[in-house]
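Just so we're clear, the structure is a prediction, and the values are computed from it rather than from any experiment.
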Amino acid sequence: MNLHEYQGKELLSSFGVRIQRGIVAQNADEAVAAAKQLTEDTGTGWHVIKAQVHAGGRGKGGGVKLAKNLDQVKEIAGQIIGMDLVTPQTSAEGKRVHQVLVCEDVYYPGDSEPEEYYISVLLNRGNGRNMIMYSTEGGMDIETVAEETPHLIFTEEIDPATGILPFQARKIAFNLGLSGAAFKDMTKFVTALYTAYDKSDSSLFEINPVLKTSDDKIMAVDAKVTIDDNALFRHKDLAAYRDLREENAIEVEAGQHGLNYVDLDGNVGCMVNGAGLAMATMDLIKQAGGEPANFLDVGGTADAARVEIAFELILRDPAVKAILINIFGGIVRCDRVAQGVIDAYKNMGNINVPIIVRLQGTNADIAKELIDNSGLDVMSATEFQEAADKVQAVLA
């Protein structure tokens, strides 16, 4: 589950991580009120207005702007709220902005120049340890840094049994070229950041940039946080952060019906039971010259009602030219699935794309007979290759 920047900062702050302070606003008037409150609390004269969407590269799309007075705060907030923000991480249509974060200006003059760093915490699946990745090149796309100057990216492996150790925090601060008060503050920052990541059961923390202010304070100016969905039962407070407006509407609806659905850009809809079989089915479609339009795992229950819902979700995609149903009858009986397909087809009455049904396992022979004798425009298949050939034929 992804968090908005303001939510990620709230989480970080609760673990003692210093953040760039801000107030979220739903409209231009609220943005002005937020700016006034920040000026009163922090003394900041300028404010940064940031679009709150689940996508990086917001500044490149015009979603992050500096306001030097309250009139500009109102004008900029009014421009950003309601816009369809297009960034390198969104579709061509962009993402609708529903709120902005009004932040204090932290790039104030002082004894030294502000400096930006990159720090992220994530799981290294290769060795089963958490890893802190960091670089002196903050404020830039880390992918660009990795490609052009890979020697400027450092990593520190953390043993989950011990957590981050003091010498590791000092090593990170040293490699970032810090000294004095900034060095001490960075060790505290990194330690608190890792603790927040670990205790919140997150799968990613990405802070870009981490700022050293002109008076040697270390703070998170941005916060990209992803919480492990499988751990949300332990974090009811974090589950409340979920913003359904930022998620694919079909995927959200599928989840409400207990279906595992991922929307893809393709022309063949998939209805499968089991994640492994679903992945194999997507490969099958590719080999047959098609492109999977979705990942859809109906699970072990595939009755008429569940199949009908799956059909409806798949057919909302106008790009779908065929549907492949691939079920292995282990827990669920194939004849029950076949009857579900037949009943759903009759109930909907408006399915105008070819349907290929492959059923293997318990009562597969009975299922094939039901499909073949249904009188519906549904093609049955027994073998994987047979299903692939029929997909290829309907797409030709």
same_hphob_cluster(Tyr194, Phe189) at 4.5 Å side-chain heavy-atom cutoff: yes

Please step through side-chain contact (heavy atoms from CB on, under 4.5 Å) for the pair His4 and Leu101, ending with a clear verdict. CA-CA 10 Å; His4 285 296; Leu101 182 62; over 6 Å; no

Drop me the distance from Leu193's CG to Ile164's CD1, to the nearest 0.5 angstrom. 8.5 Å

Any chance you could measure Ile207, atom CD1, to Asp222, atom CG, to the nearest 0.5 Å? 7.0 Å

Side-chain (Glu156) to main-chain (Ala169) donor-acceptor, under 3.5 angstrom: no

Residues which pass salt bridge (charged side-chain N to carboxylate O under 4.0 Å, His left out) with Asp105, listed by chain and number, not counting sequence neighbours: none

Check: Tyr261/Asn248 side-chain N/O donor and acceptor closer than 3.5 Å: no

Would you check if there is a donor-acceptor pair between the side chains of Thr87 and Lys95 at a distance under 3.5 Å? no

Hey, quick one: are Tyr197 and Met133 part of the same hydrophobic cluster, counting side-chain heavy atoms closer than 4.5 Å, chains of contacts allowed? no

Within the 3.5 Å criterion, strictly below it, is a donor on Glu246 or Asn2 matched to an acceptor on the partner's side chain? no

What's the spacing between Leu296 CG and Asp263 CG if we round to 0.5 Å? 11.0 Å

Give a yes-or-no answer on whether the side chains of Glu137 and Ser135 include a donor-acceptor pair shorter than 3.5 Å. no

Which residues, ordered by chain and number, are linked to Ile285 in its hydrophobic cluster, where ILVMFWY side chains connect at heavy-atom gaps below 4.5 Å, directly or through other members? Val268, Val272, Leu277, Leu284, Leu324, Phe328, Ile356, Met379, Phe384, Val391, Val394, Leu395

